[in-house]
Amino acid sequence: MFLHSVNLWNLAFYVFMVFLATLGLWDVFFGFEENKCSMSYMFEYPEYQKIELPKKLTKRYPAYELYLYGEGSYAEEHKILPLTGIPVLFLPGNAGSYKQVRSIGSIALRKAEDIDFKYHFDFFSVNFNEELVALYGGSLQKQTKFVHECIKAILKLYKGQEFAPTSVAIIGHSMGGLVARALLTLKNFKQDLINLLVTQATPHVAPVMPLDRFITEFYMTVNNYWILNARHINLTTLSVAGGFRDYQVRSGLTFLPKLSHYTSALSVVSSAVPKTWVSTDHLSIVWCKQLQLTTIRAFFDLIDADTKQITQKPKKKLSVLNHHFIRHPAKQFEENPSIISDLTGTSMWVPVKVSRWSYVAYNESDKIYFAFPLANHRKIYTHAYCQSTMLDTNSWIFGCINSTSMCRQGVDLSWKAELLPTIKSLTLRLQDYPSLSHIVVYVPSVHGSKFVVDCEFFKKEARSMQLPVTHLFSFGLSSRKVILNTNGLYYNIELLNFGQIYQAFKVNVVSKCTGSKEEITSIYKLHIPWSYEDSLTIAQVPSSTDISLKLHVAQPENDSHVALLKMYTSSDCQYEVTIKTSFPQILGQVVRFHGGALPAYVVSSILLAYGGQLYSLLSTGYCLEYSTILDKEAKPYKVDPFVIMIKFLLGYKWFKELWDAVFLPELDAIVLTSQSMCFPLVSLILFLFGTCTAYWSGLLSSTSVQLLSSLWLALKRPAELPKDIKVMSPDLPVLTVVFLIVSWTTCGALAILLSYLYYVFKVVHLQASLTTFKNNQPVNPKHSRRSEKKSNHHKDSAVQSLRLCANDAEDSLRMHSTVINLLTWVVLLSMPSLIYWLKNLRYYFKLSPDPCKPLAFLLIPAIAILGNTHTVSVKSSKLLKTVSQFPLPLAVGVIAFGSSHLYRVPCFVIIPLVFHALCNFM
């Protein structure tokens, strides 16, 4: 019945929209590199020692616990407190386990063993009972207060020690990182209790899915505090994102706000972290060996030799984090590195006067200094570039000042170098070093190992090329290319007009090599200057390599930098770089950045169809099919222009003052603009996806009702169609009161679910009754409703009465089908708090605070009445004309205020349902 009422063109459109949505979802969930993280293993059996907390604290937080991680002999030794190390507290995230600390804890233990326990870290972990805090925000404040108590309890374990700590370092995964930042908002919290905060895949900017107001309020409290008190917050913070593999928390949400007077925060994507260079998913970020090794190296470099604790110097903290997470010069970290180095000894000095030079070192017995005089090169070239495949941490390149052929001391330029997966490289702009007379490359004596050193001088113009990206709507049909013919080692390709998150491209690099039979490696690095989200691709040439080009963070308006494709190439090869728009990846960006708003657009489409059905009932006396009215009424031009108009008017001061005077919340479109998340035509795309989802969800609910009614008929013979329509049955008030009591004493979402199931039961019963009636009556399918009415006067009056009742039942079922669709989305949006309540039932029988309780108290009576409502009792209502006009402005309201605040969506659904129920009495 549902499919028969659909136009074939409309059906083709809905199928096409499913295809587009599938392309976008495929890009989000599968369109990324394979997991290149190495698994971190424990060398001994991990143990978690429970730390005894005060009974008063245990009683206040019965579901929470604190543990100390250990392995083998270390675990045995530390069962006898107090402790002697450096405390680090791990905070798990949404549904996270305290046992996730084992990866970083084990690596830290191995590192301490390597230095004979000169320093060591004690890793603590909080058990939050794997609470779903990303879905239910009511426990975030409770978790924050418990962590405060844990910090005080941890520091007490070190009392009486010679180097007792006064603060702890915190590593927070996912929502655990947000809880750590929230500590500063507590009234009695002392900022000095935290010396370092590292967050992993933490959504700092906004919640991934704002499903209740408690999450949104918690975010507002934390972010407003950090912004308003930025000058006074001295906490060094590092935020690490997982990149495109993490589809649960997109990396753009993990970037801490950049304020001009607040420089103690760094945000970086794991693919840009030196010695890591991989994207991680939401869980692997806590066990990815490459990333955890980098983190532990940084932690050991942060230790102050005098206090044997993490340094209190903000400058050193930031230097260490920059060294390990932003730009690694292939040198061991030094707080005050010596810039001048001695170049003395029995080493051989070899002058090099050519502009391009390569040296293969193998079993060298002597140390060699290769000196490049700059006087003649300065006249022709602008830059010098050197690279080495020897990835040790010794100094390898220097600059001589005012020297003729050799120098006893040189400026150590190795600190300016950059470590890459297969090489360490240095690019110098010659005019920045006017006092240098020579560049000196040092080749140490090596035995049994082979490495290659290359240097070249070049003009910037010859190695910097501009490649304008293709237009967004070219759909990959056109492309642009550049060809690198100069046989250089290094190129910069400027990607012009690339700076928006809705842009996505596929870059193809084809390399053709001559002369060399050995395996050659090239590195292609996408460098985004306004955020640390670089990514590297390693290619064995000759080859054809595809690179995905898309952003986590849009380019700020006042930023004039250009995204770069840095190519570390082979002089034996030629390269051809082609770029074209990737339409599937654009759809992926739409889903990645705006997929969470889809429920609002679905509900908006259903509300428009609901309003159309009510108007049809008012104007014609009967109700149209859900699919038919959805095609007719769910049009984007009924919603989007109003939202755009309101956004435009809010730019005027008088309208903004009027808006604030009536206490209206901020428009969601303005929130998205502030986060640089506005795509062109994104609202139109989402509306089409929403209408498509509304259609298929209607088909699913209609099919489900028919299947359930068939099952009902198989199990029990239903009653006849009701001849006397009663809105208030004797058991209705009792059932309503029971559901309200359930809502008050347990969980509002549970009561909503029970009332929804009651409503579905009533609709299934009505469908079964109608099916039985039709099976018992001869029906000519060729007759329309109108011809059926005309022929009824020839039949018995009793039969005529039944036929009218059947028509009304069909109308009622059509209306119920739409209401079920609306209620289904209300139930889905309230499910997270129900799941949270069920998971914590052994600790708390009543959910507090309960985001669904106010909703339940309005929705339950409305559902109870609507379950007994038939269109025959509604069409004569004086209120119907007014009620039929409600859904349109409410559909606009859902998009205006619910796309970024999903917990508001059910509020817009309640209003027409309540008034629909009132139509039975007025």
Side-chain angles (χ1 to χ4, degrees), residues 204-205 238-241 243-244 250-260 262-274 276-277 279 318-319 321-329 382-383 385 415-421 424-429 431-432 458 460-461 463-470 480 482 490-505 507 509 523-537 547-569 577 579 589 593 675-677:
H204 292 294
V205 176
L238 170 69
S239 175
V240 183
F244 287 110
R250 61 178 179 83
S251 296
L253 291 176
T254 68
F255 279 69
L256 291 158
K258 290 183 180 179
L259 303 174
S260 57
Y262 180 57
T263 57
S264 298
L266 286 175
S267 302
V268 62
V269 180
S270 61
S271 60
V273 175
T276 301
W277 296 305
S279 178
L318 217 56
S319 296
L321 295 179
N322 269 294
H323 178 92
H324 287 283
F325 288 89
I326 304 300
R327 186 184 177 93
H328 198 296
T382 60
H383 287 71
Y385 172 83
W415 291 103
K416 303 288 184 180
E418 180 182 14
L419 179 66
L420 294 167
K424 51 186 178 184
S425 68
L426 173 67
T427 305
L428 294 177
R429 192 169 70 161
Q431 70 178 50
D432 292 340
F458 62 86
K460 181 184 177 182
E461 297 77 18
R463 300 299 175 84
S464 294
M465 303 180 181
Q466 293 184 339
L467 180 61
V469 298
T470 49
R480 289 175 179 155
V482 291
Y490 173 75
Y491 295 89
N492 259 341
I493 298 179
E494 298 180 0
L495 302 170
L496 302 182
N497 308 318
F498 176 51
Q500 301 301 323
I501 52 176
Y502 53 80
Q503 293 176 299
F505 305 95
V507 174
V509 182
I523 300 173
Y524 314 132
K525 179 180 179 180
L526 174 63
H527 174 60
I528 308 300
W530 56 84
S531 64
Y532 298 118
E533 55 174 290
D534 296 3
S535 59
L536 284 83
T537 302
I547 305 171
S548 291
L549 225 63
K550 50 195 174 188
L551 295 172
H552 298 291
V553 179
Q555 185 174 13
E557 289 183 3
N558 57 351
D559 194 300
S560 59
H561 291 94
V562 178
L564 300 173
L565 180 62
K566 296 185 175 184
M567 301 184 64
Y568 301 86
T569 57
V577 182
I579 187 170
Q589 290 291 79
F593 283 85
Q675 297 176 8
S676 301
M677 280 177 56

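Atom set for the values below is all heavy atoms of this structure, side chains included, hydrogens, waters and symmetry mates excluded.
- Taking 4.5 Å as the limit, every side-chain heavy atom of Phe498 sits out of range of all side-chain heavy atoms of Gln555.
- No side-chain heavy atom of Tyr490 sits less than 4.5 Å from a side-chain heavy atom of His383.
- Val273 approaches His324 most closely through the heavy-atom pair CG1-O, 3.8 Å.
- No salt bridge links Lys566 with Glu418; every basic N to acidic carboxylate O contact stays at or beyond 4.0 Å.
- Ring centroid separation for the pair Phe325 and Tyr532 does not come in under the 6.0 Å cut-off.
- Counting all heavy atoms, side chain and backbone alike, Pro468 lies closest to Asn497 at CB-ND2, 4.4 Å.
- At a threshold of 4.5 Å between non-hydrogen side-chain atoms, the residues Glu494 and Leu564 count as touching.
- With hydrogens and angles ignored, the 3.5 Å screen pairs a side-chain donor or acceptor of Ser271 with a backbone N or O of Asp534.
- Contact check for His323 versus Pro329: side-chain heavy atoms found under the 4.5 Å cut-off.
- Atom CZ of Phe244 sits about 8.0 Å away from atom OG of Ser548, to the nearest 0.5 Å.
- One N or O on the side chain of Glu533 and one on the backbone of Val553 form a donor-acceptor pair closer than 3.5 Å.
- Residues Val268 and Leu266 have side chains not in contact (no heavy-atom distance under 4.5 Å, counting atoms from C-beta outward).
- Counting all heavy atoms, side chain and backbone alike, Tyr524 lies closest to Leu565 at CB-CD1, 4.4 Å.
- Counting only distance, with no hydrogens or angles, the side chain of Ser267 and the backbone of Ser239 share no donor-acceptor pair below 3.5 Å.
- No donor-acceptor pair closer than 3.5 Å links the side chain of Arg327 to the backbone N or O of Pro274.
- Atom OG of residue Ser531 and atom NE2 of residue His561 lie 12.0 Å apart, to the nearest 0.5 angstrom.
- Looking only at distances, a side-chain donor or acceptor of Arg480 sits under 3.5 Å from a matching main-chain atom of Val469.
- Considering CG of Leu536 and CD1 of Ile547, their distance stands at 9.5 Å, rounded to 0.5 Å.
- Contact of the Tyr385 side chain with the Tyr568 side chain is registered, since non-hydrogen atoms from C-beta on lie closer than 4.5 Å.
- When side chains are defined from C-beta on, Ile579 counts as touching Leu549, because their heavy atoms get closer than 4.5 Å.
- In this structure, Leu256 and Ala265 approach most closely via the heavy-atom pair CD1-CB, 3.8 Å.
- Heavy atoms from other residues, nucleotides or ligands lying under 6.0 Å from CD of Glu461 number more than 12.
- A heavy-atom distance below 4.5 Å is found between the side chains of Val577 and Met567.
- Here the side chain of Gln589 pairs a donor or acceptor atom with the backbone of Leu551 at under 3.5 angstrom.
- Ser270 approaches Thr276 most closely through the heavy-atom pair O-CG2, 3.7 Å.
- Leu238 CG to Leu321 CG: the interatomic distance, rounded to the nearest 0.5 Å, is 5.5 Å.
- Note that NZ of Lys550 is 13.0 Å distant from CD1 of Ile528, once rounded to the nearest 0.5 Å.
- Contact record, Ser251 with Gly243: OG-N, 3.0 Å, taken as the closest heavy-atom pair.
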